[in-house]
Novice: 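To start, I am sharing the structure in question, which I have written as C-alpha cells.
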Number of protein chains: 2
Amino acid sequence: MNNLRFSTAIHILVLLDKNQGELITSDFIAGSINVNPVVVRREIKLLREAGLIDAKKGKIGGCALAIDARKILLGDLYKIVNKENMLGRKNQPNPNCAVGRQMNGRLDELFDQTDTVLIETLNKQTVKDFSNQFE
Amino acid sequence: MNNLRFSTAIHILVLLDKNQGELITSDFIAGSINVNPVVVRREIKLLREAGLIDAKKGKIGGCALAIDARKILLGDLYKIVNKENMLGRKNQPNPNCAVGRQMNGRLDELFDQTDTVLIETLNKQTVKDFSNQFE
DNA sequence: TTTAATGTAACAAATTTTATTACATTAAAG
DNA sequence: CTTTAATGTAATAAAATTTGTTACATTAAA
C-alpha cells in the first residue's frame, strides 16, 4: 500500500459528504486534492462500481454519495481501493529447501489474519465519523 | 508495503532459528528465498543494526541470531523493515480548500491509530511462534 | 598468500504509480 | 441542432519505487 489511493478515496468521500445535495465535478475534487482529474475519475470509477457514489454525465454533471456516509465503513473503503496484503508480497522460495517450501503457506495465514484485524479495526469508523472531524 | 521486505526478513530469521549454533551465509539464505545475495545482505544490515542478528566476516563467516527467537516480536520486525504508514501515502492537498487544508492532519491521526493496532496485533506473535509452525 | 565470507556503493532493470493527452459519449441550454 | 461542459476511458508518458547485478574493499581462516 505504498500509494495515494486510500488518501485520495477518503478525500473524495469527505468532499461529497460536505456538499450533500450538490453534484460535484471531478475537476473540483482534483483541485482540492491537488492531483490530475483523470486520477480522480479512476478512483471514482471504483467507488461507483462499489455502489458508494452516483455520477451524472453531461452538462451540469458531477457526482454525489449514493448512500449515507454513516453506512460507509473505512474497512470497506480500504478493501475497495486495495487488493494486496498489507504486509506486502511474497517471494517465490526454493522448493528444494524445507523452509522455503513451507514459507508461503505460513505467510498466507499470517497475512490473512493481519488483514482481517486491520479491516475490522477500520470498520469501527465510518466515513461520516471521519468527515465530522472537519470544521 | 508493496514489496518483499517483510517476507524476506522473516524468512531469514526462520532459517537462522532452524539452524541455531551454526553460521549461515547470505548465499545459502539467498538460495532458500530465491533472491540475489546482495538483497539478503541489505536486509541483514537492518536486522543487524536492530540487534537481532550477529554477523561474522572472513572465511567461515556468516550470520546467526543475536537474541532468542522467543524475544523477537513480529510487530518489532515489521517496524524494522517498514517505515511507511500501512494505509499508504498522503497527497499534498490544496490549502485554499477547507477540506484540503485539514485533510493531512486527520489522516495522520487515522494512520497512526491504524499502525498502532497492526503492530500490537503482530506483537502477539514471536518469530519463534512463527518458526515453530515449520516441520 | 589464497580463499571465502561480509559490507557496501554504484548502477541497471523491472515494476508500480501517477500524470497527461486525446477523444468518445452524454445531456443541458441556447 | 449546435454549442457547451461534464463523465468515461484508452493509450501513452513520466516519475518513483523496488529489485537485481556488478564490482570491489575488507575481513579472517587455512
Novice: May I have the distance from A:Arg89 (atom CZ) to D:dT17 (atom C1'), rounded to whole angstrom?
Specialist: 10 Å
Novice: Under a cut-off of 3.5 Å for both distances of each Watson-Crick or G-U pair, what dot-bracket string does DNA chain D give, using [ ] for crossing pairs and | for inter-strand pairs?
Specialist: ||||||||||||||||||||||||||||||
Novice: With a 4.0 Å cutoff (strictly under), does any side-chain N or O of B:Asn36 reach OP1 or OP2 of D:dT21?
Specialist: yes
Novice: Tell me the interatomic distance from B:Leu23, atom CG, to D:dT27, atom P, rounded to whole angstroms.
Specialist: 18 Å
Novice: Any donor-acceptor pair under 3.5 Å linking the side-chain atoms of A:Asp115 with those of A:Asn85?
Specialist: yes
Novice: I would like to know whether A:Lys124 and A:Asp129 meet salt bridge (Lys or Arg N to Asp or Glu O under 4.0 Å); could you show each step before the answer?
Specialist: CA-CA 10 Å; A:Lys124 290 174 184 165; A:Asp129 295 329; over 6 Å; no
Novice: What nucleotide among D:dT17, D:dG20, D:dT19 has an atom nearest to a side-chain atom of B:Val35?
Specialist: D:dG20
Novice: Run the numbers on A:Arg5 and A:Glu43 for salt bridge (Lys or Arg N to Asp or Glu O under 4.0 Å), then give the verdict.
Specialist: CA-CA 8 Å; A:Arg5 309 266 317 270; A:Glu43 221 55 45; 3.0 Å; yes
Novice: Please indicate whether A:Gln113 has more than 12 foreign heavy atoms, meaning atoms of other residues, nucleotides or ligands, lying under 6.0 Å from its CD.
Specialist: yes
Novice: Counting only N and O atoms by type, is there a donor-acceptor contact under 3.5 Å from the side chain of A:Ser26 to the main-chain atoms of A:Pro37?
Specialist: no
Novice: When rounded to the nearest 0.5 angstrom, what is the spacing between CG in B:Asn123 and CG in B:Leu118?
Specialist: 9.0 Å
Novice: Starting from P on C:dT15, measure out to CZ on B:Arg5 and report it in whole angstrom.
Specialist: 19 Å
Novice: How long is the gap from CZ on A:Phe111 to CG on A:Asn104, to the nearest 0.5 Å?
Specialist: 8.5 Å
Novice: Distance from A:Tyr78 atom OH to B:Met86 atom CE, nearest 0.5 Å?
Specialist: 7.5 Å
Novice: Rounded to whole Å, how long is the line connecting atom NZ of B:Lys90 with atom C1' of C:dT17?
Specialist: 17 Å
Novice: Treating primed atoms plus P, OP1 and OP2 as sugar-phosphate and everything else as base, which nucleotides of nucleotides 1-9 of chain C get B, S or - for protein heavy atoms under 4.0 Å?
Specialist: --BBBBBBB
Novice: Pick base, sugar-phosphate or nothing for A:Asn3, based on heavy-atom distances below 4.0 Å to the nucleic acid.
Specialist: sugar-phosphate
Novice: For B:Asn2 and C:dA14, what is the distance between atoms CG and C1' respectively, to the nearest whole Å?
Specialist: 13 Å
Novice: Whole angstroms only, please: what is the CD-P distance between A:Gln92 and D:dG20?
Specialist: 10 Å
Novice: Nearest-Å distance, CD (A:Glu84) to C1' (C:dT15)?
Specialist: 12 Å
Novice: Closest approach of B:Lys79 and B:Lys83, non-hydrogen atoms and distance?
Specialist: O-NZ, 3.0 Å
Novice: With heavy atoms under 4.0 Å as the rule, sort A:Leu4 into base, sugar-phosphate or nothing.
Specialist: sugar-phosphate
